[in-house]
Amino acid sequence: MNQKYDVIILGAGAAGLMCAIEAGKRGRRVLVLERAERIGKKILISGGGRCNFTNLHSSPENFFSANRHFVKSALARYTPADFVRLVEKHRIPYHEKKLGQLFCDRAAADITAMLEQECRDAGVEIRLNTKVSEVRKNGGRKDDLLETDQLTVQAEEASFGAPRLVVATGGLSIPKIGATSFGYDLARQFGLKIEPPRAALVPLLFSERDCKRWCDLAGVSTEVIASTRSTKQTFPENMLFTHRGLSGPAILQISSYWDGKEPIHLDLAPDRDLTADLRARGHRDPSSWKLLLREVLPRRFADRWLETYPLAGNSERVFADAERQLHAWEVKPEGTEGYGKAEVTAGGVDTGELSAKTMECRKVPGLFFIGEVVDVTGQLGGFNFQWAWASGFCAGQAM
Ligand SMILES: Cc1cc2nc3c(=O)[nH]c(=O)nc-3n(C[C@H](O)[C@H](O)[C@H](O)COP(=O)(O)OP(=O)(O)OC[C@H]3O[C@@H](n4cnc5c(N)ncnc54)[C@H](O)[C@@H]3O)c2cc1C
């Protein structure tokens, strides 16, 4: 039997739930189909279990996409302040950690409980453990909302129909909690273009040679400024050695801009002028340099750095070269840790296929894509959730 709704949403993650709430508030009969056994699994593991649910400084510059203007409309219509109002309405305690990043004081489960409550209040029906096998569109006249022009969703034991179907199935990151390529496959089925998906906000892997040099420093971290030659973005943040390469906020951020080929640049002594410091101290010898390095870098890293890049003398030029090298460490990663460790998937449904105001497909009226499945990716720091809320809100308003 084909059960009828006004709106069917695939995926009970951040974007799908926000869309459901808004559509429900507008009096629509809303069904959310979720393949996992509970809602919002990614929300629950986000922000180290505390969910960095938005960023107060969210602006279009914090997002990347083949069309960087696409985010503007949605971000302007649903702002961090709007989400904070919702959080405060539910009396969820939160704090700003740094750089505008808002986290729950207690646990990310506060956010999923809030969304669940809002869904209940808006009369949204959520079906868990529901695997969708097929989506079909019948009819086909443009803007036709007749019963005959339905999007039909076939699940294992039932089928559901609605004039509007919202795809909020997320990206490919963290397959072990249920990430699938469903959204991309569906987009292809309807002839939509896809920007090739790739792992982003992801740790980078050293080459074999670099791993031999550095990997036993796993656990050591230091402040750096990460950049690449081809992007204007620079990220002054922490970097962490891992057993296989580099991680930490600076590396996760720059990974999203890494083209897979060029080296990444790391300033290991941000805002320091070491040769001037040496001069001021009146010393210019290898042991003063070593002491200075140990001030700037964690001791084990400083010592390894000197073993790897020993001073070739003690002339002014040698120290100047050594300092230059420290400000511009070039690392050519062998790859990334992939979707298993990536916080997000960059790429996705081409924004040219969608209305920036409603997220509806231009070619397939009634079909919407929201959240991470769309070719919009945020930087680290609560921006990806802000995109999920904003795009979900805009689609919900269009129901
Ligand atoms: C470890 C980790 C930490 C993160 N921390 C943060 C953070 O602190 N702040 C931040 O802004 N972002 C964070 N992110 C990114 C953020 O979680 C995502 O960008 C966001 O969840 C995307 O929301 P979404 O609704 O588009 O997709 P998702 O939250 O991934 O939801 C998609 C839903 O669709 C379901 N689904 C998939 N396929 C199907 C199908 N065929 N049928 C039915 N349902 C299906 C999935 O089970 C899932 O519930 C983090 C990500 C990870 C992996």
Side-chain angles (χ1 to χ4, degrees), residues 42 45-52 55 62 96-101 103 108 173-174 176 198-228 231 233-260 262-272 293-309 325-346 377-384:
K42 226 170 237 180
I45 62 163
S46 69
R50 291 248 166 96
C51 186
N52 176 193
N55 191 300
N62 301 113
E96 179 181 346
K97 196 165 168 192
K98 58 175 180 175
L99 308 168
Q101 302 168 4
F103 284 77
S173 46
I174 322 287
K176 73 167 185 270
R198 64 186 170 89
L201 295 181
V202 61
L204 297 174
L205 297 173
F206 276 139
S207 64
E208 207 180 318
R209 190 192 65 167
D210 280 342
C211 202
K212 280 198 184 113
R213 280 183 181 166
W214 309 108
C215 282
D216 65 322
L217 296 181
V220 171
S221 68
T222 187
E223 289 296 316
V224 302
I225 300 175
S227 59
T228 66
T231 63
Q233 301 277 352
T234 58
F235 297 101
E237 279 266 19
N238 210 260
M239 170 192 97
L240 171 75
F241 286 96
T242 71
H243 293 289
R244 288 151 59 91
L246 293 172
S247 188
I251 299 300
L252 298 182
Q253 295 278 37
I254 204 64
S255 74
S256 299
Y257 296 86
W258 182 55
D259 67 357
E262 61 178 344
I264 58 162
H265 291 252
L266 299 166
D267 181 347
L268 298 174
D271 307 321
R272 291 287 300 253
L293 269 191
R294 283 181 176 179
E295 275 176 31
V296 175
L297 301 175
R299 189 183 170 122
R300 283 175 61 207
F301 184 26
D303 292 353
R304 180 64 52 81
W305 182 265
L306 271 178
E307 284 164 27
T308 313
Y309 305 115
Q325 190 172 31
L326 202 63
H327 286 299
W329 189 30
E330 275 201 0
V331 177
K332 196 155 186 285
E334 187 135 289
T336 75
E337 293 265 8
Y339 293 117
K341 292 271 174 69
E343 257 193 36
V344 280
T345 305
T377 308
Q379 295 175 346
L380 193 73
F383 302 107
N384 283 296

To the nearest 0.5 Å, what is the distance between [atom1] ([X]) and [atom2] ([Y])?
{"X": "I45", "Y": "K176", "atom1": "CD1", "atom2": "NZ", "value": "7.5 Å"}
{"X": "E223", "Y": "L268", "atom1": "CD", "atom2": "CG", "value": "11.5 Å"}
{"X": "L380", "Y": "I254", "atom1": "CG", "atom2": "CD1", "value": "12.5 Å"}
{"X": "H265", "Y": "T234", "atom1": "NE2", "atom2": "OG1", "value": "12.5 Å"}
{"X": "Y309", "Y": "L293", "atom1": "OH", "atom2": "CG", "value": "12.5 Å"}
{"X": "K341", "Y": "I174", "atom1": "NZ", "atom2": "CD1", "value": "9.0 Å"}

For [X], side chain to side chain donor-acceptor pair (under 3.5 Å) partners two or more places apart:
{"X": "Q325", "answer": "none"}
{"X": "R294", "answer": "D303"}
{"X": "Q101", "answer": "none"}
{"X": "R50", "answer": "none"}

Is it the case that over 12 heavy atoms from other parts of the model lie below 6.0 angstrom from the CZ atom of R213?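 Result for CZ/R213: enclosed.
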So which atom in [X] and which in [Y] form the shortest heavy-atom distance, rounded to 0.1 Å?
{"X": "V331", "Y": "P333", "answer": "O-CD, 3.1 Å"}
{"X": "A199", "Y": "G338", "answer": "CB-C, 3.9 Å"}
{"X": "L201", "Y": "G378", "answer": "CD1-O, 3.9 Å"}
{"X": "G381", "Y": "N52", "answer": "C-OD1, 2.7 Å"}
{"X": "M239", "Y": "I251", "answer": "CG-CG1, 3.7 Å"}
{"X": "C215", "Y": "H243", "answer": "SG-O, 3.3 Å"}

Of L252, N238, V202, the residue whose pairing with S247 passes side-chain contact (heavy atoms from CB on, under 4.5 Å):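 When L252, N238, V202 are each tested with S247, the side-chain contact (heavy atoms from CB on, under 4.5 Å) holds only for L252.
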Restricting to side chain to side chain contact (heavy atoms under 4.5 Å, CB included), what partner residues turn up for [X], sequence neighbours left out?
{"X": "A250", "result": "V224, A226, E237"}
{"X": "T345", "result": "L172, S173, Y184, P197, Y339, E372"}
{"X": "E262", "result": "T228, R229, S230, W258, D259"}
{"X": "L217", "result": "W214, V220, F241, R300, F301, R304"}

Check: F383 main-chain N/O paired with N55 side-chain donor or acceptor under 3.5 Å: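 It does not hold such a pair.
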Any donor and acceptor pair, going by atom type alone, linking the side chain of R244 with main-chain N or O of C211 inside 3.5 Å?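 The answer is no, because no donor-acceptor pair under 3.5 Å joins these two groups.
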Which residues pass the ring pair (Phe, Tyr, Trp, His ring centres under 6.0 Å) test with Y257, sequence neighbours left out?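 Residues passing ring pair (Phe, Tyr, Trp, His ring centres under 6.0 Å) with Y257: F64, F235.
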For residues 200-212, which residue pairs qualify under side-chain hydrogen bond (donor to acceptor under 3.5 Å, both in side chains), counting only residues two or more places apart or in two chains?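 Of all non-adjacent pairs touching residues 200-212, none passes side-chain hydrogen bond (donor to acceptor under 3.5 Å, both in side chains).
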Are side-chain heavy atoms of L266 and L246 found at a separation under 4.5 Å?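 L266 vs L246: side chains touch.
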